[in-house]
Amino acid sequence: TGVAVGKSAGNESVTCMELDGVGGMLIIGTNSVSGGYIKRLNADGSLNTAFNSGGGTPGTLYGVMSDPYSVVEFKTGQIMVAGADSGVGTANMYTSVGALDTTFSSDGIYTNGASITSVAVNGDDTIFMAIGYDVTGTKTVRLVSMDAAGDLVSTFGTAGVIDSVISDIDAYANIRLALNPETGVSVAASWNGASGKIAVLRYDDLGNASSSFNSGSQLDLTFSTSVVLTDLVSLENEKIMVGGYQSGTNPSNYSVIER
């Protein structure tokens with residue numbers, strides 16, 4: 001049997017769940033009344049009331065941003081929530097108990113583009129972000145790498161940034177990023193509208209296109225209808241798993257593994 005997780009007034013939806021470092025879980029999503037939220041659960045599924053204990057809803061922090069998409073915990077216990085806040089790409093850093101951590105980016109908040117949709121952290125707590133931004137009306141993906149203080153990693157890409165990674169994507173919400181300690185950073189997004197495609201690329205830890213993956217070029221996975229990308233996972237043996245679903249009159253799930 002499951003455990004009912006407490007909530008405030010209004011309808012709630014979940015966009016992402018991640019296990020934390022102490023056997024519990026971090027959940028982010030949106031509330032129809034209170035906006036974006038982050039919940040911290042204990043191992044038994046109850047709300048961890050030490051999180052946001054000084055707020056009106058212990059265990060849950062509301063109002064984090066309008067559209068949270070990604071959550072990740074650091075070895076230090078810090079928690080990053082990333083997504084969009086009223087059309088601005090936003091990443092907020094919190095302490096383990098839910099206070100905004102101003103040791104990150106001077107005020108605890110980093111903004112870039114229209115949506116910081118997917119975030120991952122490596123074993124050194126280096127942050128990698130897949131960001132959606134607009135280029136003269138075209139939705140585009142960029143990669144950014146920074147340290148836990150919010151300073152860009154100068155050895156990655158051009159001063160911490162790789163622009164125009166994937167162009168003409170369908171939606172900012174359908175960008176995904178995954179890390180592999182041996183092969184680097186993988187990024188994917190859905191594009192091409194009704195005749196759906198998923199674009200996948202891989203970069204090494206310096207931000208160079210990986211020649212071992214599709215000869216360093218964008219790999220396009222083609223479908224018969226429009227597609228929605230929901231997950232990207234780096235596996236052993238340099239493989240990548242892409243997950244999501246097709247829309248249209250006969251919708252179906254898909255899972256593709258490519259080397």
Side-chain angles (χ1 to χ4, degrees), residues 1-20 23-73 79-100 108-111 113-119 129-132 139 169-177 189-190 225-232 243-254:
T1 59
V3 176
V5 178
K7 70 178 188 66
S8 185
N11 298 320
E12 290 192 355
S13 61
V14 174
T15 55
C16 185
M17 299 186 295
E18 293 287 343
L19 297 176
D20 66 16
M25 182 176 290
L26 302 169
I27 302 176
I28 60 170
T30 56
N31 178 285
S32 59
V33 175
S34 303
Y37 66 79
I38 175 171
K39 298 178 185 289
R40 184 158 207 166
L41 306 186
N42 296 309
D44 63 1
S46 62
L47 286 169
N48 183 340
T49 54
F51 184 77
N52 192 36
S53 61
T57 53
T60 304
L61 180 63
Y62 287 102
V64 296
M65 63 186 66
S66 58
D67 297 289
Y69 292 128
S70 186
V71 60
V72 65
E73 185 184 37
I79 300 166
M80 176 172 283
V81 179
D85 194 22
S86 301
V88 177
T90 302
N92 296 346
M93 185 77 85
Y94 297 98
T95 67
S96 61
V97 294
L100 199 62
I109 301 171
Y110 172 78
T111 60
S115 177
I116 304 177
T117 309
S118 191
V119 175
M129 299 177 173
I131 299 171
K139 293 183 175 68
I169 65 172
D170 291 335
Y172 294 133
N174 300 340
I175 305 169
R176 295 294 182 271
L177 176 147
S190 57
T225 64
S226 60
V227 294
V228 177
L229 176 67
T230 61
D231 209 356
L232 181 71
Y245 60 91
Q246 290 180 253
S247 58
T249 55
N250 297 299
S252 60
N253 297 328
Y254 66 84

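Owing to the predicted nature of the structure, the values given are computational and were not obtained by experimental measurement.
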Exercise answer: donor-acceptor pairs, residues 90-98 side-chain atoms, under 3.5 Å, sequence neighbours excluded:
{"unit_1": "T90", "atom_1": "OG1", "unit_2": "V88", "atom_2": "O", "d": "2.9"}
{"unit_1": "N92", "atom_1": "ND2", "unit_2": "V64", "atom_2": "O", "d": "2.9"}
{"unit_1": "N92", "atom_1": "ND2", "unit_2": "Y94", "atom_2": "OH", "d": "3.1"}
{"unit_1": "T95", "atom_1": "OG1", "unit_2": "V97", "atom_2": "N", "d": "3.4"}
{"unit_1": "T95", "atom_1": "OG1", "unit_2": "A99", "atom_2": "N", "d": "3.2"}

- prompt: Are any non-hydrogen side-chain atoms of L232 and L177 less than 4.5 angstrom apart?
  reply: no
task: Would you give the length of the straight line joining atom CD1 of I28 to atom CE of M65, rounded to the nearest 0.5 angstrom?
output: 8.0 Å
task: Give a yes or no on whether the backbone of Y172 and the side-chain of T117 come within a donor-acceptor separation of less than 3.5 Å.
output: yes
query: Where do I79 and L26 land on the side chain to side chain contact (heavy atoms under 4.5 Å, CB included) test, with the steps shown first?
result: CA-CA 9 Å; I79 300 166; L26 302 169; 3.9 Å; yes
T49 side-chain N/O to P58 backbone N/O, donor-acceptor pair under 3.5 Å: no
message: Just verifying a value: how many Å separate I175 CD1 and Y69 OH, rounded to the nearest 0.5 Å?
response: 9.5 Å
Flag side-chain contact, heavy atom, 4.5 Å: L229 against Y245: no
Nearest non-hydrogen partners of A114 and A84, listed with the distance: O-CB, 3.5 Å
- prompt: Is there a donor-acceptor pair closer than 3.5 Å between any side-chain N or O of S118 and the backbone N or O of R176?
  reply: no
message: With a 3.5 Å distance limit and no angle check, can you tell me whether N52 reaches the backbone of G59 through a side-chain donor-acceptor pair?
response: no
message: Whether the side chain of N42 engages the backbone of D44 through a donor-acceptor N/O pair (distance < 3.5 Å, no angle test) should be reported.
response: no
message: Salt bridge check, R40 against D20: does any charged N sit closer than 4.0 Å to a carboxylate O?
response: yes
cation_pi(K39, F51) dist<6.0 Å, angle<=45: no
statement: Residues I169 and A189: closest non-hydrogen pair is CG2-CB, 3.7 Å
- request: Could you name each residue pair satisfying salt bridge (Lys or Arg N to Asp or Glu O under 4.0 Å) that touches residues 45-55, not counting sequence neighbours?
  value: none
- request: Identify which one of I116, T30, D85 satisfies the side-chain contact (heavy atoms from CB on, under 4.5 Å) criterion when paired with P68.
  value: T30
statement: Shortest non-hydrogen pair, T225 vs Q246, comes out as OG1-NE2, 3.2 Å
- prompt: Is a side-chain N or O of S34 found less than 3.5 angstrom from the main chain of Y62, in a donor-acceptor match?
  reply: no
message: For the backbone of G243 and the side chain of T230, can you confirm whether one donor and one acceptor N or O come within less than 3.5 Å of each other?
response: yes
- request: Determine, stepwise, if the pair N11 / N31 fulfils side chain to side chain contact (heavy atoms under 4.5 Å, CB included).
  value: CA-CA 6 Å; N11 298 320; N31 178 285; over 6 Å; no
field: Interatomic spacing from CG in N48 to CE in M25 - rounded to 0.5 Å
entry: 13.0 Å
task: Supply the atom-to-atom distance I38 CD1 to I27 CD1, rounded to the nearest 0.5 angstrom.
output: 9.5 Å
